[in-house]
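Counting begins at 1 with the first residue of the sequence.
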Amino acid sequence: MRGTQPHVLRLFVAILAAVGLILFFDPLNLGLASSSAIGNFYPTDNRAGGWFMSSTITHIVLFKFKADAGADRIKTISNRFLGLKEQCVTMTQQPYIRKISGGRDNSPEGLQVSQQAGGEDPDSKDLGKKLTQMMMIQGGLTHAFVVEFESAAERDYYVNLDPVHQSFKKDIQPFVEKVTVVDFTNGAF
């Protein structure tokens, strides 16, 4: 750039640097970083209100199986759920689910187990007999699955349109008594 004024050269370098930073960090969540040459390798700061807040969608699914579902059926359904990561694909046959994990509840907090309440039954012939009161604080939900999507659009496709997921939901319906779903964007409160 022979003969160029120094301030023009500095302006040109500043513009190039700004464009590079925007493409690398994508602070406005325009999806530029994931579609650029650097792919998905860019830093994220998931703190609430963070400048680099992730747009990743976390989809949590909790199941309460019917009493007659049986352990083998529950295991089959659980493994099939985990298999959705490879089976759910876009129109170009590319998997779009970032991650799926799941398993049976094993919380040590004691909120999912029955609690014994002492007391005498006034109608009982045996006045020493105790009453047992069941308190299922978490409503009998026994299995949890966490599914991560790169965007809300991918999550929406999965929930509403993906034929593999729609078939899975239909197939498990006879064995599941209750489903609870919670979705969130990390850091968005």
Side-chain angles (χ1 to χ4, degrees), residues 29 40 42-89 95-121 124 128-189:
N29 288 325
N40 290 326
Y42 58 95
T44 58
D45 180 354
N46 296 326
R47 293 174 287 182
W51 205 59
F52 306 111
M53 186 168 33
S54 172
S55 62
T56 300
I57 301 291
T58 301
H59 176 74
I60 300 173
V61 181
L62 306 172
F63 286 152
K64 175 182 181 181
F65 287 98
K66 291 182 178 176
D68 62 349
D72 289 339
R73 174 80 62 194
I74 291 171
K75 186 173 182 176
T76 299
I77 290 171
S78 298
N79 287 331
R80 193 167 161 207
F81 195 128
L82 296 175
L84 292 175
K85 183 178 186 309
E86 288 80 30
Q87 296 172 2
C88 291
V89 295
Y96 61 89
I97 296 173
R98 285 184 64 184
K99 182 178 173 183
I100 293 183
S101 60
R104 183 178 177 85
D105 175 52
N106 63 9
S107 173
E109 294 179 281
L111 298 178
Q112 73 279 17
V113 298
S114 64
Q115 298 179 358
Q116 301 272 332
E120 295 182 357
D121 183 356
S124 173
K129 191 175 182 181
K130 303 272 186 179
L131 292 175
T132 301
Q133 179 183 28
M134 298 296 288
M135 294 177 61
M136 295 304 288
I137 295 174
Q138 63 191 55
L141 297 166
T142 59
H143 289 72
F145 298 89
V146 179
V147 186
E148 290 183 15
F149 299 97
E150 192 70 38
S151 68
E154 290 176 347
R155 183 268 323 266
D156 294 348
Y157 174 76
Y158 170 81
V159 169
N160 299 313
L161 300 172
D162 188 293
V164 173
H165 181 240
Q166 299 306 312
S167 174
F168 173 73
K169 290 192 304 187
K170 182 180 175 190
D171 292 348
I172 69 168
Q173 207 169 26
F175 310 105
V176 177
E177 184 174 323
K178 178 181 178 183
V179 178
T180 300
V181 176
V182 177
D183 291 359
F184 65 90
T185 302
N186 195 18
F189 297 103

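Sequence neighbours left out, the pairs with a member in residues 71-82 that pass side chain to side chain donor-acceptor pair (under 3.5 Å) are Arg80-Asp171.
Put simply, the side chain of His165 reaches to within 4.5 Å of the side chain of Leu84, judged on heavy atoms. Between Ile97 and Phe149 the shortest side-chain heavy-atom distance falls below 4.5 Å.
Between Leu82 and Ser101, the shortest heavy-atom distance links the atoms CD2-C, 3.9 Å. The two residues Val164 and Gln87 make their nearest non-hydrogen contact at CG2-O, 3.7 Å. The two residues Ile60 and Asp183 have their closest heavy-atom pair at N-OD1, 4.0 Å. The two residues Lys66 and Gln173 come nearest to each other via the heavy atoms NZ-O, 4.2 Å. When every heavy atom of Gly102 is checked against every heavy atom of Phe145, the shortest pair comes out as CA-CD2, 3.7 Å. Considering all non-hydrogen atoms of both residues, Ile74 and Ala69 come closest at CG1-CB, 4.0 Å.
The side chain to side chain contact (heavy atoms under 4.5 Å, CB included) search around Val89 returns Gln93, Pro95, not counting sequence neighbours. Among residues two or more places apart in sequence or in another chain, the salt bridge (Lys or Arg N to Asp or Glu O under 4.0 Å) test is passed with Glu177 by Lys64.
Shown here is Lys99, whose NZ atom has no more than 12 heavy atoms of other residues, nucleotides or ligands within 6.0 Å.
A distance of 9.0 Å separates CG in Asp105 from CG in Leu62, rounded to the nearest 0.5 Å. Atom-to-atom distance recorded for Cys88:SG and Glu154:CD is 11.5 Å, nearest 0.5 angstrom. Between the CZ atom in Arg98 and the NZ atom in Lys85 there is a gap of 10.0 Å [rounded to 0.5 Å]. The distance from atom CD of Glu148 to atom CG of Asn186, rounded to the nearest 0.5 Å, is 8.5 Å.
A donor-acceptor pair is defined here as one N or O able to donate and one able to accept, closer than 3.5 Å; such a pair exists between the side chain of Lys169 and the backbone of Val159. Under the 3.5 Å distance criterion, the side-chain polar atoms of His59 are left unmatched by any main-chain donor or acceptor of Val147.
Screening Phe81, Phe63, Phe175, Phe65 for a ring pair (Phe, Tyr, Trp, His ring centres under 6.0 Å) involving His143 leaves a single residue, Phe65.
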